[in-house]
Amino acid sequence: MLQTEAYALAVFAGHCPPLDKEITDQHAEARLSRQKLLERVPMAELSFIITEETLRNPVGN
């Protein structure tokens with residue numbers, strides 16, 4: 001699994017302004033559902049460009 005449910009919830013829990021628990025749960029569920037697309041066969045080939053700041057900005061624990 002690429003991201004855990006706890007991680008997805010932490011991402012949305014840090015939203016400003018804060019989201020309702022129901023909305024946070026819906027967003028996390030949708031994120032994890034999309035993640036399943038990366039596990040299908042044939043596998044998707046993806047590439048990303050991210051900034052160093054992204055790597056240094058911790059989310060959750």
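None of the values given here were measured: they were computed from a predicted structure. Keep in mind that the numbers below use all heavy atoms, side chains included, and drop hydrogens, waters and symmetry copies.
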Side-chain heavy-atom pair [X], [Y] within 4.5 angstrom cut-off:
X	Y	value
Arg56	Glu52	yes
Lys21	Asp25	yes
Phe12	Gln26	no

Problem set entry | Nearest heavy atoms of Ala13 and Thr24, plus distance in Å | N-CG2, 4.2 Å
Exercise. Of all heavy-atom pairs between Arg31 and Gln3, which one has the smallest distance, and what is that distance?
Worked result: NE-OE1, 2.8 Å
For this session: Name all residues meeting the ring-ring contact (aromatic ring centres under 6.0 Å, His included) criterion together with His15; count only those two or more places apart in sequence or in a different chain, and write none if there are none.
Result: none
For this session: State which residues pass side-chain hydrogen bond (donor to acceptor under 3.5 Å, both in side chains) with Glu45; sequence neighbours excluded, sorted by chain then number.
Result: none
Exercise. Okay, side chain of Ser33, backbone of Glu29: is any donor-acceptor separation there less than 3.5 Å?
Worked result: yes
Exercise. Do Leu2 and Leu46 share a hydrophobic cluster (ILVMFWY, side-chain heavy atoms under 4.5 Å, transitive)?
Worked result: yes
Exercise. Given the rule that I, L, V, M, F, W and Y join up when any side-chain heavy atoms are under 4.5 Å apart, are Leu38 and Phe48 in one cluster?
Worked result: yes
Exercise. Can you tell me how far CD of Glu39 sits from CD of Gln35, rounded to the nearest 0.5 angstrom?
Worked result: 6.0 Å
